[in-house]
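These notes concern the structure reproduced below.
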Amino acid sequence: MVVTEGRGASDPGRAAAPAVRLVDVRKDYGSGELAVRALRGISLDIATGQFVVLLGPSGSGKTTLMNVVGGMEPATSGTIEVAGRRLADLDAEALTTFRRESVGFVFQFFNLIPTLTALENVQLVAELVAAPDDAARRAVEAVGLAERADHFPGAMSGGEQQRVAIARALVKDPPILLCDEPTGSLDLDTGRQVLGVLRDVSRAAGRTVMLVTHNSAIAAMADRVIRLRSGEVVDDRLVPEPIAPGAVTW
Ligand code: ADP
Ligand code: MG
């Protein structure tokens, strides 16, 4: 495994513990002969502020990995520490708080509420986490949608809707963003824009990003690229000079 010094490691206050640490994490679905071994002993340290792209073919365990890191599913065995918390030690209530406050999620499908405007979709989450009053508007601005804040999802492009979904994740001000195929239903230009927004908002705040994709072209903009196959890490390397998201092509 490659030992990494992430961006952000230069910030002395934040360099101490990795943002995400996995030690021999296994996840089985079902048991006995029929068990699907989705994760087969994953060990990783991800430094604070690192932009990590996770690649792998369909069924390699990418989504499962995001789900266990995000506290949405328990691992079968192994240790998971995220933002300084060992997930196995959290009771149901603490796990809910963890999901709500420490992790922002962005998925392939935007899942916006169609009867709420862009800003209202973000405000809904802002209220849930008791964010400061102007947090929703600032998040909408951060993704470049200030002018579209009062539009409904149905009147927005796919890329704009995904940017609203990113604003919704950001309004919690989470130290970690988990993005599962965030450009999976977007065309090239729109996908690049969304990648650019993710890169900018993570760099600006020293946020750690784990971005899952089956599109290997996206790897060129990452700080680090981890490849999964059949539930195992088969490659893990730093990218010496990540390219600008706008230069990614597929
Ligand atoms: P990826 O996101 O890389 O396509 P997944 O993490 O979704 O891969 O799936 C990894 C393996 O686990 C696959 O074999 C998949 O069929 C299986 N799997 C995923 N979720 C479940 C589930 N809820 N129940 C049973 N098997 C599952
Ligand atoms: Mg998946």
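Ligands are counted one by one from 1 in listed order, and the atoms in each one are counted from 1 as well.
- For the side chain to side chain donor-acceptor pair (under 3.5 Å) condition, the pairs that include at least one residue of residues 98-111, sequence neighbours left out, are Arg85-Ser102.
- Between Asp200 and Arg203 no salt bridge is recorded (no basic side-chain N to carboxylate O distance below 4.0 Å).
- Looking at heavy atoms from C-beta onward, Gln162 lies in side-chain contact with Pro182 at the 4.5 angstrom threshold.
- For the atom pair Lys172 NZ and Leu177 CG, the distance stands at 9.0 Å (nearest 0.5 Å).
- Leu124 belongs to a hydrophobic cluster whose remaining members, ordered by chain and number, are Ile113, Leu116; membership requires side-chain heavy atoms of ILVMFWY residues under 4.5 Å apart, directly or through intermediates.
- Side-chain contact check for Thr76 and Asp28: no donor-acceptor pair (N or O, by modelled atom type) lies under 3.5 Å.
- Residue-level contacts of ligand 1 at the 4.0 Å heavy-atom threshold are Tyr29, Val36, Ala38, Pro57, Ser58, Gly59, Ser60, Gly61, Lys62, Thr63, Thr64.
- Residues Glu181 and Thr63 are not in side-chain contact: their nearest non-hydrogen atoms beyond the backbone lie 4.5 Å or more apart.
- With respect to Val233, the side chain to side chain contact (heavy atoms under 4.5 Å, CB included) criterion is satisfied by exactly one of Leu228, Leu22, Leu65, Leu54: Leu228.
- Between the NE2 atom in His151 and the CD atom in Glu160 there is a gap of 8.0 Å [rounded to 0.5 Å].
- Around the Mg ion (ligand 2), the protein contributes the following N, O or S atoms under 2.8 Å, ordered by chain and number: Thr63 OG1.
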